[in-house]
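Each remark here refers to the structure printed beneath this line.
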Amino acid sequence: MMYSKKYPKSLIFIHWLTFILLLVIYYIGLTLEAYEFNEANMNRYRLHALLGVSVLILTLIRIFIRRKNFESLPPPINYYSNLHKLLVISVHYLLYIFLIFAPLIGFIMVYQTGALSYDLGGPFPTNAEFDHFLAEIHEFSVFTLLALIVIHITGVIIYKLKTDKSILDRMLP
Ligand code: HEM
Ligand code: HEM
């Protein structure tokens with residue numbers, strides 16, 4: 001198996017683009033609470049939704065590229081223990097799952113109001129309201145994603161402190 005020193009450029013690009021997009025989407029998401037979901041505020045919701053769906057699409061492309069380039073990814077890091085290995089692999093899997101799940105629930109939430117037909121030229125639905133349960137799941141999945149990102153970044157920093165080796169280079173162009 002031929003290991004590379006770095007992740008493929010495309011994966012590095014998507015990794016950092018996703019990071020920037022999430023900062024913007026998260027910020028817009030928090031501001032949405034002050035704006036009712038109606039025709040006048042639709043552009044604000046639209047921007048959040050479009051950027052959110054691009055994270056979903058980028059993640060699917062990322063998983064595809066990763067699978068295709070599996071043979072030439074950087075070697076696994078030096079795990080401190082089996083527990084560490086399990087934690088790193090689980091966090092990576094969960095990150096991918098929630099990068100898909102969070103926007104998917106957001107999409108279903110908007111779809112369920114009938115507002116998508118408005119984008120296709122139809123009228124804005126009267127009394128459009130988000131399903132409370134779906135809104136709760138969207139919020140839960142976003143905060144789970146945040147927690148995973150914090151664990152992920154902490155892990156990268158601890159690795160540097162413990163081994164004096166930076167794995168950040170592998171994810172930098
Ligand atoms: C939105 C925030 C972030 C998300 C969703 C995210 C997600 C991920 C995922 C899923 C991987 C696994 C790549 C693979 O499949 O092998 C990864 C790798 C990596 N990430 Fe992040 N990341 C984020 C932010 C950051 C930040 C801020 C840093 C810098 C401290 C960072 C540093 C790294 C490094 C160094 C790797 C490579 C680890 C290795 O070689 O095993 N990430 N990231
Ligand atoms: C990874 C991508 C996404 C992130 C990080 C994100 C983040 C957020 C945050 C932080 C909020 C405010 C807290 C809350 O009530 O949940 C929010 C609300 C919302 N998001 Fe997202 N979102 C994402 C994707 C999407 C997508 C793709 C859609 C629709 C297509 C969407 C639709 C909404 C809506 C309609 C609200 C308002 C909920 C309400 O008022 O109860 N989100 N989002």
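Counting starts at 1 for both ligands and their atoms, following the listed order.
For ligand 2 and V53, the ligand atoms under 4.0 Å from any heavy atom of the residue are 27 (C). Short contacts between ligand 2 and V110, defined as distances under 4.0 Å to a heavy atom of the residue, involve ligand atoms 29 (C), 35 (C). Short contacts between ligand 2 and F107, defined as distances under 4.0 Å to a heavy atom of the residue, involve ligand atoms 28 (C), 29 (C), 30 (C). Residue Y96 approaches ligand 1 through these ligand atoms, each under 4.0 Å from one of its heavy atoms: 10 (C), 12 (C), 13 (C), 14 (C), 15 (O). Under a 4.0 Å criterion applied to the non-hydrogen atoms of L168, ligand 1 contributes the atoms 29 (C), 32 (C), 35 (C).
In this structure, N78 has no side-chain hydrogen bond (donor to acceptor under 3.5 Å, both in side chains) partners at least two apart in sequence or on a different chain.
Taken together through direct or relayed side-chain contacts under 4.5 Å among Ile, Leu, Val, Met, Phe, Trp and Tyr, V24 and L22 form part of one hydrophobic cluster.
Closest protein heavy atom to atom 28 (C) of ligand 1: W16 CH2, 3.4 Å. Distance from atom 8 (C) of ligand 1 to its nearest protein heavy atom, with residue and atom name: R62 NH2, 3.3 Å. The closest protein non-hydrogen atom to atom 41 (O) of ligand 2 is A135 CB, 3.9 Å. At the shortest separation from atom 39 (C) of ligand 2 among protein heavy atoms lies F130 CD1, 3.9 Å. Looking at atom 40 (O) of ligand 1, its nearest protein heavy atom turns out to be R170 NE, 2.6 Å. Closest protein heavy atom to atom 35 (C) of ligand 1: I167 O, 3.3 Å. In terms of protein heavy-atom proximity, atom 13 (C) of ligand 2 is nearest to E33 OE2, 3.4 Å.
Here's the thing with H92: none of its N/O atoms is less than 3.5 angstrom from an N/O atom of ligand 1. For ligand 1, the polar-atom distance check against Y7 finds a nitrogen or oxygen pair separated by under 3.5 Å. At least one N or O atom of R66, backbone or side chain, sits closer than 3.5 Å to an N or O atom of ligand 1.
Between S141 and A102, the shortest heavy-atom contact is OG-CA, 3.5 Å. Nearest heavy atom pair, residue T113 against residue E129, reads CG2-O, 3.4 Å. Of all the heavy atoms in F107 and L116, the pair that sits closest is CZ-CD2, 3.8 Å.
No more than 12 heavy atoms of other residues, nucleotides or ligands lie within 6.0 Å of CZ in F13, so this atom counts as exposed by the packing criterion. Around OH of Y111, the count of heavy atoms belonging to other residues, nucleotides or ligands within 6.0 Å does not exceed 12. Residue Q112 qualifies as enclosed at atom CD: its count of foreign heavy atoms under 6.0 Å is above 12.
Here the side chains of R62 and L99 are in contact, with some heavy-atom distance below 4.5 Å.
A salt bridge (charged side-chain N to carboxylate O under 4.0 Å, His left out) check over residues 154-168, counting only residues at least two apart or in different chains, returns the pairs K160-D164.
Using modelled atom types, no side-chain atom of W16 and backbone atom of L172 make a donor-acceptor pair closer than 3.5 Å. Checked by atom type and distance alone, the side chain of S4 pairs as donor or acceptor with a backbone atom of S72 at under 3.5 Å. At distances below 3.5 Å, at least one donor-acceptor pair connects side-chain atoms of R170 with backbone N or O atoms of P75. Judged by distance alone, the side chain of Y45 and the main-chain N or O of Y35 form a donor-acceptor pair under 3.5 Å.
With waters neither drawn nor counted, the protein N/O/S atoms under 2.8 Å from atom 21 (Fe) of ligand 1 amount to 2. Each protein N/O/S atom under 2.8 Å from atom 21 (Fe) of ligand 2 was counted, for a total of 2.
Separation of atoms CG (L87) and CG (L94) is listed at 9.5 Å; rounding is to 0.5 Å.
A salt bridge does not link K5 with D169: every distance from a Lys NZ or Arg NE/NH1/NH2 to an Asp or Glu carboxylate oxygen is 4.0 Å or more.
You'll find the ring centres of F133 and F140 outside the 6.0 Å limit.
Contacts with ligand 1 closer than 4.0 Å are made by side-chain heavy atoms of L22 only, the backbone lying farther away.
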